[in-house]
Amino acid sequence: MPADKHSEQVDTSRRGFLKLSGRSAFALAAVGSLVSVVGYTGVRWQQRASASAEANYMVLRPQDILFFGALLPVVLGPNPSFQASLTSSANPASAPVVTNTLGQLDTMLAHSSPAMQKQIRDLVDLLTFTATQGLVSGYWGQWQQASPADIEAFLQRWQNSSVQLFRFGYQGICQLCQMAWYGRPESWADIGYPGIPSFLRGANAGS
Amino acid sequence: MPVPDIFREGMQKGWRVFDGNQRLPELPAPDVIIIGSGAGGATAAEILSAAGLQVYILEEGSLKTSSDFHNDELKAYAELYQEGALRTSADGGIAILQGRTVGGTTTVNWTSSFRTPNSTLAQWQSKWGIDYATEAEMTPWFERMEQRLNVSRWQMAPNANNDVIRKGCEALNWDWDIIPRNVKGCWNLGYCGTGCPVNAKQSMLVTSLPAALENGAVLIHSLRAVKLDHHQGKVLGVQCQGMNGTLTEADGRRFTLTAPNLFLAGGAINNPGLLLRSKAPDPHQQLGKRTFLHPVCMTLATFPRAIDGFYGAPQSVYSDHFNEVAPTSERMGFKLEVPPMQPSIVAALMGGFGEQHFQRIQDLAKSNLMLALMRDGFFEDDLGGQVKLRKNGDAVVDYPLRDRLWATVAEAYVKMAEIQFAAGATEVTPLHIHGTATRSLSEFKAQLAHLAYEPVSVRLSSAHVMGGCPMGADATMSVVNPQGQHHQLQNLYVMDGSLFPTSVGANPQLSIYALVARLATNFLA
Ligand SMILES: Cc1cc2nc3c(=O)[nH]c(=O)nc-3n(C[C@H](O)[C@H](O)[C@H](O)COP(=O)(O)OP(=O)(O)OC[C@H]3O[C@@H](n4cnc5c(N)ncnc54)[C@H](O)[C@@H]3O)c2cc1C
Ligand code: SF4
């Protein structure tokens, strides 16, 4: 598969590509695939991606929201509270569980670091820019329209990849979604976590 | 029954605590500026201020105190941890937890309080020329800090999560013991990692920092030491800048502070980062090298009974059965412990997605995670990581994963699974990108034979960042001398966990307290 082949080159020169300053590894993977496949330069590719956060968000841009919004239900799987909220919403993409979890994710990233924020932006760009998306993810359509099977196939492809960067991307996507959702009280009933001890809630919380 | 917030009360009494973005009032000039308010910085601050020195403590994290701690995991990770708890090594191979708040990592740590193992001291003495690294020389300092921070063996029953180690080790006839903790009137809640809401944890936030502030110390939080100005072997000043509201960047008010002496206590990774940004002299290219992490690998077990590991003292039982290894060993030593089991962190650790992940997290209340802290830095082929600067000046550790580490992971996985099965687990899963549940030790071992030992696939994390400014008698292989004094910058001292020339081989806080107490006292002499 062509995609894995170029990325393999990126991977084997791990020391080398970390030294190339100013670009996260994800940006480099994108540039690497582009240069060899479509002849674009990284600079032009980077100019194409929208750079500013969506209104009411600190970090997440419109394309990040679409991407994570589409992946969340698959990453979280058959979680009853999450799924119930999805199915009772006219538009699942704006179900409260989705927007609340994305808001939580946004807060997490807003408090992380410029490097982490950039890494996530580059990751999403790699996975949404037309010239790279299909090549690295195996899925060519719009993420909002992807079926759960398409998304699962993508996640498994990265989970099983021999390319460290893709495994890291897989792990990052899953962990961010899982941390954000399971940090929220509405997720706890399904997993047997009774929440903060009640005497504390009375004594000290909410001040 | 509201719990008194002793820090806010102290501020009302007139402690000199300021936000780095606020204009400072007229203040007495500092004798010593201490960068970082964690284990090392606060310990030094108490000792110097008690001797009458005017101390300034700079902290890039914000001020959060017991009335801000509501056991809300995500709020705590965002506000109290470096990089919002999303820090990793350069290539993402190891997730790294460190504090970023007043009190440093002690505000969020899990209270386990071990003395430095003798085998570690012995290596520091023989290989690094640290003459006082002996049990006899260090015991008085351990005792002093144990008293100061009320360290004692945990008296209540361990929670079921910790009890897995006791049960398993007893069945196997392996060593285990109860963990000493630095707590006073602990409510056994289990939320040490999100800040103790009842001020029972004897962190720096409720002990040494209040004492230093009572002695007239000045604490400026939300302020980053960006660079040191130095000339001809002396530090002249500290360029400081206020942090933004989410603590990701210093973009606020800038000013320079000066003092005759400077203590660096920003913790490992960040200390070398500051020195690299400052282009501190480093003739032997040692700065930032030998950064150690006690990398941790884990196994997840499910029990047919309630474990409820989210409640109760997070760490109360450990096993050192595998922590000492012969010089000829191909693996590192490892210490066995458990982490607390709050849902957000556990959800992120357990791996998988969709159905598989939900199956795992659904059993949260019946689950136990066990971890092996790998004792890095004791062999010639085990050099740890190296701190580098990102383009924007932020520090990052590049930590290559070598064969010795993988050999240790392979062995630790098996030993942990053995303990978990012996304690009655029905299923054990290695936390590996392809790990799946197994129902017996033989099935578990068979699975391991098919797993790749490679970065990211083996889930590794760290909560113990050490080294990077190693001390030693030989200036060609260290950054500071055994008194903590920088080899080239004579009025600069390192006073925290970045001093260690190897990892500790035990949770590091008490090693830091004792060592810094000794060095700060020595500085006064
Ligand atoms: C979740 C968790 C649990 C832990 N549990 C235990 C435990 O049970 N037992 C144990 O022994 N150890 C534990 N540890 C580790 C232990 O707390 C740390 O090793 C120890 O606190 C490190 O002390 P330090 O002085 O080196 O740095 P820290 O305590 O990390 O303090 C450094 C401080 O300096 C600040 N700083 C850094 N750079 C700058 C700068 N340029 N300008 C201004 N300020 C700066 C940082 O924000 C930080 O607040 C735990 C760690 C974590 C993350
Ligand atoms: S377990 Fe004890 S020390 Fe830890 S948060 Fe709870 S009360 Fe505080």
Side-chain angles (χ1 to χ4, degrees), chain A residues 14-15 18 21-22 25 58 74-79 104 107-117 119 148 152 155 159-160 162 164-165 167-168 170-184 187-188 190-197 199-207, chain B residues 1-3 66-67 69-74 77-79 82-88 90-93 187 189 191 197-198 246-249 310-311 342-348 351-358 361-366 390-392 394 396 398 433-434 454-457 459:
Chain A
R14 169 179 174 272
R15 304 269 130 209
L18 287 174
S21 56
M58 289 179 279
V74 178
V75 172
L76 297 178
N79 182 292
Q104 194 79 66
T107 309
M108 286 160 56
L109 293 173
H111 288 80
S112 63
S113 59
M116 177 54 66
Q117 292 166 3
Q119 208 155 44
E152 273 169 30
L155 289 171
Q159 179 181 20
N160 296 323
S162 61
Q164 179 179 339
L165 191 63
R167 295 197 304 274
F168 181 44
Y170 156 78
Q171 177 178 288
I173 292 167
C174 293
Q175 286 192 325
L176 288 171
C177 295
Q178 292 156 351
M179 260 183 100
W181 167 246
Y182 289 106
R184 297 191 58 82
S187 73
W188 296 342
D190 292 330
I191 56 171
Y193 175 53
I196 296 152
F199 60 93
L200 249 191
R201 264 174 266 163
N204 205 33
S207 54
Chain B
M1 175 197 43
V3 178
S66 60
S67 44
F69 301 149
H70 302 148
N71 310 332
D72 176 339
E73 274 190 273
L74 290 176
Y77 300 147
E79 291 177 351
Q82 291 287 342
E83 301 189 49
L86 301 179
R87 178 169 271 190
T88 66
D91 68 355
W187 295 31
L189 299 173
Y191 293 88
V198 296
T246 50
L247 301 174
T248 54
E249 291 180 80
F310 29 74
Y311 296 148
Q342 274 97 37
S344 176
I345 192 174
V346 174
F353 69 91
E355 176 81 35
Q356 185 185 49
H357 185 267
F358 184 64
I361 191 77
Q362 205 179 9
D363 284 337
L364 177 70
K366 293 188 284 177
R390 297 190 195 275
K391 208 176 168 193
N392 70 353
D394 285 353
V396 58
D398 185 11
I433 206 163
H434 295 124
E454 58 185 12
V456 183
S457 297
R459 185 148 297 191

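Just so it is clear, the structure is predicted and the values come from calculations on it, not from any experiment.
With chain A as partner, the option from B:G351, B:A78, B:A85 having the largest number of non-hydrogen pairs under 4.5 angstrom is B:A78. The candidate with the highest count of non-hydrogen atom pairs below 4.5 Å against chain A, out of B:G92, B:P343, B:G93, is B:P343. Contacts with chain B were tallied for A:S113, A:S187, A:A180, A:C177; A:S113 has the most, counting heavy-atom pairs under 4.5 Å. Interface remark: of the candidates B:R390, B:R87, B:E83, B:Q356, B:E83 forms the most heavy-atom pairs closer than 4.5 Å to chain A. Note: B:G354 leads B:G354, B:G352, B:A365 in heavy-atom pairs under 4.5 Å with chain A. The greatest number of non-hydrogen atom pairs below 4.5 Å with chain B, out of A:L109, A:N160, A:T107, is found for A:N160. The candidate from A:G183, A:S112, A:G77 with the greatest count of non-hydrogen atom pairs under 4.5 Å with chain B is A:S112.
Between B:H357 and A:Y182, the ring planes are tilted. Angles from 30° to 60° get that label.
Between B:L74 and A:M108, some side-chain heavy-atom pair lies under the 4.5 Å cut-off. Annotation: side chain of A:Q178 is not in contact with side chain of B:I361 (no heavy-atom distance under 4.5 Å). The closest side-chain heavy-atom distance from B:L86 to A:H111 is not below 4.5 Å. You'll find the side chain of B:Y311 reaches within 4.5 Å of the side chain of A:P194, heavy atoms only. Contact annotation: the side chain of A:Y170 approaches that of B:I433 to within less than 4.5 Å [non-hydrogen atoms, C-beta and beyond].
When heavy atoms are compared at a cutoff of 4.5 Å, B:Q82 does not approach chain A at all. Contacts between B:R459 and chain A at a heavy-atom distance below 4.5 Å involve the side chain alone, from C-beta outward. Proximity to chain A involves both the backbone and the side chain of B:Q362, based on heavy atoms less than 4.5 angstrom apart. A:W188 touches chain B through its side chain: at least one heavy atom from C-beta onward sits under 4.5 Å away, while N, CA, C and O do not. Using a 4.5 Å cut-off between heavy atoms, A:Q104 contacts chain B through its side chain alone, with no backbone atom that close. Heavy-atom distances place the side chain of A:L176, and not its backbone, under 4.5 Å from chain B.
Among all heavy-atom pairs drawn from B:F310 and A:G192, the shortest one is CZ-O, 3.7 Å. B:F353 and A:V74 make their closest contact through CD1-O, 4.0 Å (heavy atoms, listed as atom of the first residue, atom of the second, distance). Across all non-hydrogen atoms, the minimal contact from A:G195 to B:Y191 is O-OH, 3.6 Å. Across all their heavy atoms, B:T248 and A:P114 have their closest contact at O-CD, 3.5 Å.
The closest donor-acceptor contact from the side chain of A:Q164 to the backbone of B:D91 lies under 3.5 Å.
Of the N and O atoms on the side chains of B:S457 and A:R167, at least one donor lies less than 3.5 Å from an acceptor on the other residue.
Note that OG1 of B:T88 is 9.5 Å distant from CD of A:Q171, once rounded to the nearest 0.5 Å.
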